[in-house]
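After the structure tokens below, expect a handful of questions from me.
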Amino acid sequence: MRMRMSTTTEMVDLCATGEVGDGDIRRGALPSGHAVAIYCVNGEFYVTDDICSHGDASLSEDGSLDGYEVECSWHFGRFDVRDGQPCAMPCEHAIRSWPVKIENGRVFVDAGAHAL
Ligand code: FES
């Protein structure tokens, strides 16, 4: 079976780098309305889906950063913000992580990286 991979690139401007302090999380949205969480860890920026894969919690509103891990305050599940992989129960399913590019002091993601 052949899988089709999307090669579409759609760079989306989410916010200014100065709007996300080190160790902070900010909510953003793709043009489709899909909510994402923007993280800053040690001066590097990461973007994942905003909604926890265990429930309906918003990671940008109900989560907190501990190094590269975001902890969901609803049931204390965790994800690695670098790749969206779960790293603490009860979270078992990954959330999507979005390729980030910093340009002219702005945080961009490739919204074409995943089919929505
Ligand atoms: Fe996030 Fe349960 S809703 S850990």
Side-chain angles (χ1 to χ4, degrees):
M1 188 170 91
R2 271 179 67 179
M3 292 191 57
R4 266 180 61 181
M5 302 288 285
S6 169
T7 55
T8 309
T9 298
E10 183 188 355
M11 299 311 287
V12 174
D13 184 345
L14 290 177
C15 64
T17 54
E19 292 178 80
V20 192
D22 211 19
D24 285 345
I25 315 171
R26 184 187 198 280
R27 191 178 182 142
L30 302 182
S32 63
H34 184 81
V36 293
I38 307 152
Y39 314 88
C40 180
V41 182
N42 297 329
E44 298 287 330
F45 292 85
Y46 304 92
V47 175
T48 70
D49 285 347
D50 186 44
I51 302 300
C52 180
S53 63
H54 180 249
D56 273 339
S58 159
L59 294 171
S60 61
E61 291 171 10
D62 303 312
S64 57
L65 269 173
D66 178 13
Y68 290 104
E69 295 182 2
V70 58
E71 182 175 85
C72 176
S73 67
W74 282 22
H75 311 102
F76 309 110
R78 287 178 173 228
F79 302 93
D80 190 316
V81 300
R82 295 170 291 188
D83 58 11
Q85 292 300 312
C87 39
M89 293 294 274
C91 298
E92 296 182 280
H93 303 290
I95 51 177
R96 284 172 289 195
S97 68
W98 301 83
V100 172
K101 186 175 180 189
I102 305 299
E103 206 167 278
N104 299 324
R106 311 244 0 138
V107 181
F108 291 84
V109 288
D110 181 2
H114 302 283
L116 288 175

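Atoms within a ligand are numbered from 1 in the order they appear, just like the ligands themselves. These numbers come from the heavy atoms of this one structure, side chains and all, not from hydrogens, waters or symmetry mates.
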**Prompt:** Between Asp66 and Glu71, does a side chain to side chain contact (heavy atoms under 4.5 Å, CB included) hold up when you go through it step by step?
**Reply:** CA-CA 7 Å; Asp66 178 13; Glu71 182 175 85; 5.9 Å; no
**Request:** Using a strict cut-off of 4.0 Å, indicate which atoms of ligand 1 neighbour a heavy atom of Trp74.
**Result:**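 Those atoms are 3 (S).
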**Prompt:** Of the options Asp49, Thr48, Leu59, which is the one that meets Phe79 in a side-chain contact (heavy atoms from CB on, under 4.5 Å)?
**Reply:**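 It is Leu59; the other options fail the test.
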**Request:** Could you tell me whether the side chain of Cys15 reaches within less than 4.5 Å of the side chain of Val107, counting heavy atoms only?
**Result:**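 Sidechains of Cys15 and Val107: in contact.
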**Asked** Going by the order shown, which atoms of ligand 1 are within less than 4.0 Å of some heavy atom of Cys72?
**Response**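 Under 4.0 Å from Cys72, ligand 1 has these atoms: 1 (Fe), 3 (S), 4 (S).
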**Asked** Side chains of Ile51 and Asp56: does their closest heavy-atom pair fall under 4.5 Å?
**Response**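 SC-SC contact between Ile51 and Asp56 confirmed.
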**Prompt:** What's the shortest heavy-atom distance between Glu103 and Phe108, and which atoms?
**Reply:**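 That closest heavy-atom pairing would be O-CE1, 3.7 Å.
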**Request:** Could you list the atoms of ligand 1 found under 4.0 angstrom from a heavy atom of Gly55?
**Result:**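 Within the 4.0 Å cut-off of Gly55, ligand 1 contributes 3 (S).
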**Request:** Just to the nearest 10 degrees, tell me the angle at atom 2 (Fe) of ligand 1 spanned by His54 ND1 and His75 ND1.
**Result:**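 Here the angle at the metal atom is close to 100°, to 10°.
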**Asked** Does any N, O or S atom of Cys52, backbone or side chain, fall under 2.8 Å from atom 1 (Fe) of ligand 1?
**Response**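 Under 2.8 Å: Cys52 contacts atom 1 (Fe) of ligand 1 through an N, O or S atom.
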**Request:** Let me see the working for Arg106 and Thr17 under side chain to side chain contact (heavy atoms under 4.5 Å, CB included), right down to the final yes or no.
**Result:** CA-CA 5 Å; Arg106 311 244 0 138; Thr17 54; 6.0 Å; no
**Request:** Confirm or rule out an N/O/S atom of Cys91, from backbone or side chain, lying less than 2.8 Å from atom 2 (Fe) of ligand 1.
**Result:**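 Short answer: no, not a single N, O or S atom is under the cut-off.
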**Asked** Against heavy atoms of Gly77, which atoms of ligand 1 measure under 4.0 Å?
**Response**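 Those atoms are 4 (S).
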